[in-house]
Amino acid sequence: MIETVLLFTAFLFYLLSFILQLRAKDAKAKAPRYTLFAAALLHLALLAARSLIAKHPPFTNIYETFLLLPFLIALRLVFSPGKISRSLQAILTATVGAFLLLALFLPADLKVPKALMPALNSPWMYIHVPAYFFAYMALIVGVVYAVIILTRKRTASPAALRELEQKMDAEIRICFFFLNLGLITGAIWAYISWGNYWSWDPKETWALINIFILAFVMHLKHPTARKKAWILVLTVISVAFTYWVLSFILSGLHSYT
């Protein structure tokens with residue numbers, strides 16, 4: 001019960017912050033930031049409550065993903081306000097709220113806390129899983145820049161477009177690093193748990209495909225902001241397929257949901 005109350009209340013505060021951000025005339029307006037900070041605190045309390053109830057960190061199933069991933073995005077908003085434009089803050093706040101709204105309406109059986117499987121009781125879980133979450137967080141921020149680039153008119157200011165491209169490139173580098181870190185630590189963890197580094201499990205195979213897709217950014221013969229933006233969009237679609245779709249349509253070593 002307390003978990004649902006915190007989830008709903010955090011969502012309301014994110015929604016309020018989003019509305020205040022849209023209405024604010026000054027980029028330094030305090031009301032949107034105060035409500036965003038309050039929402040993040042409630043969100044943190046929600047994660048703590050889930051951890052206590054489940055007796056493990058909140059990143060072992062689909063429902064907990066919808067709680068933890070948006071919290072990382074919220075932290076970006078809270079601790080780097082000067083580096084994120086007001087419009088992007090509003091978009092990311094709406095994204096965080098959307099994740100929590102989805103979490104509210106997930107089927108009840110996906111929300112039931114379950115004991116960790118023996119293979120998950122490993123210190124490597126605290127490196128492997130967070131690495132992917134940091135990658136996904138950067139990917140979401142980066143794809144917002146990508147969408148803005150793709151929807152900008154070709155007559156837009158070259159300087160403004162270049163600034164967006166640089167910010168998108170920074171998120172791509174962060175995402176690429178953590179995707180690789182997640183894959184490498186996952187292989188080590190697999191060797192410790194199952195005796196081999198690679199099993200061609202659907203999720204681990206598609207995790208490698210995600211890296212290959214994003215790596216195209218670094219191999220473009222004539223890189224442009226729009227080309228890189230499209231690759232980032234394709235990476236988001238592939239990652240979403242990997243994490244959520246595969247969890248429901250294919251069984252494998254990573255079927256913990």
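Scope of the values below: all heavy atoms of this structure, side chains included, with no hydrogens, waters or symmetry mates. None of the values given here were measured: they were computed from a predicted structure.
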Exercise. Not counting sequence neighbours, which residues clear side chain to side chain donor-acceptor pair (under 3.5 Å) with Asn180? List them please.
Key: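 Side chain to side chain donor-acceptor pair (under 3.5 Å) check on Asn180 returns nothing, list empty.
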
Quiz item: With sequence neighbours excluded, what pairs up with Ser87 under the side chain to side chain donor-acceptor pair (under 3.5 Å) test?
Solution: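 Only Ser85 meet the side chain to side chain donor-acceptor pair (under 3.5 Å) criterion with Ser87.
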
Residues forming a salt bridge (Lys or Arg N to Asp or Glu O under 4.0 Å) with [X], sequence neighbours excluded:
X      : value
Lys111 : none
Glu3   : Arg50
Arg173 : none

Quiz item: Can you find a pair of side-chain heavy atoms, one from Trp198 and one from Leu208, that are under 4.5 Å apart?
Solution: yes

Exercise. Classify the ring geometry between Phe59 and Phe133 as parallel (under 30°), tilted (30 to 60°) or perpendicular (over 60°).
Key: tilted

Quiz prompt | Aromatic plane relationship, His128 with Tyr132 - under 30° parallel, 30 to 60° tilted, over 60° perpendicular | solution = perpendicular

Considering residues at least two apart in sequence or located in another chain, which fulfil the side chain to side chain contact (heavy atoms under 4.5 Å, CB included) criterion with [X]?
X      : result
Ala90  : Phe18, Gln21, Leu22
Tyr191 : Tyr197
Thr35  : Leu16, Ser17, Leu20
Ala229 : Ala146, Ile149, Leu150, Met168

Quiz item: Only one of Leu41, Val78, Val96 forms a side chain to side chain contact (heavy atoms under 4.5 Å, CB included) with Leu36, so which one is it?
Solution: Val78

Quiz item: Do any pairs count as a salt bridge (charged side-chain N to carboxylate O under 4.0 Å, His left out) and have a residue in residues 87-104, sequence neighbours left out, and if so which ones?
Solution: none

Quiz item: Using 4.0 Å as the upper bound for N to carboxylate O, is an ion pair formed by Glu171 and Lys167?
Solution: no

Practice problem: Scan for ring-ring contact (aromatic ring centres under 6.0 Å, His included) pairs involving residues 209-229, sequence neighbours excluded, and state none if there are none. | Solution: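 Applying ring-ring contact (aromatic ring centres under 6.0 Å, His included) to every pair that reaches into residues 209-229, excluding sequence neighbours, yields nothing.
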
Self-check item: Gap between atom CG of Leu68 and atom CD1 of Ile73 - 0.5 Å precision
Solution: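 Taking CD1 in Ile73 and CG in Leu68, the distance rounds to 10.0 Å.
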
Quiz item: What's the spacing between Leu234 CG and Asn210 CG if we round to 0.5 Å?
Solution: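 So the gap between those two atoms works out to 11.0 Å.
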
Quiz prompt | ring-ring contact (aromatic ring centres under 6.0 Å, His included) against Phe71, all qualifying residues, sequence neighbours excluded | solution =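 By the ring-ring contact (aromatic ring centres under 6.0 Å, His included) rule, Phe71 matches His43.
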
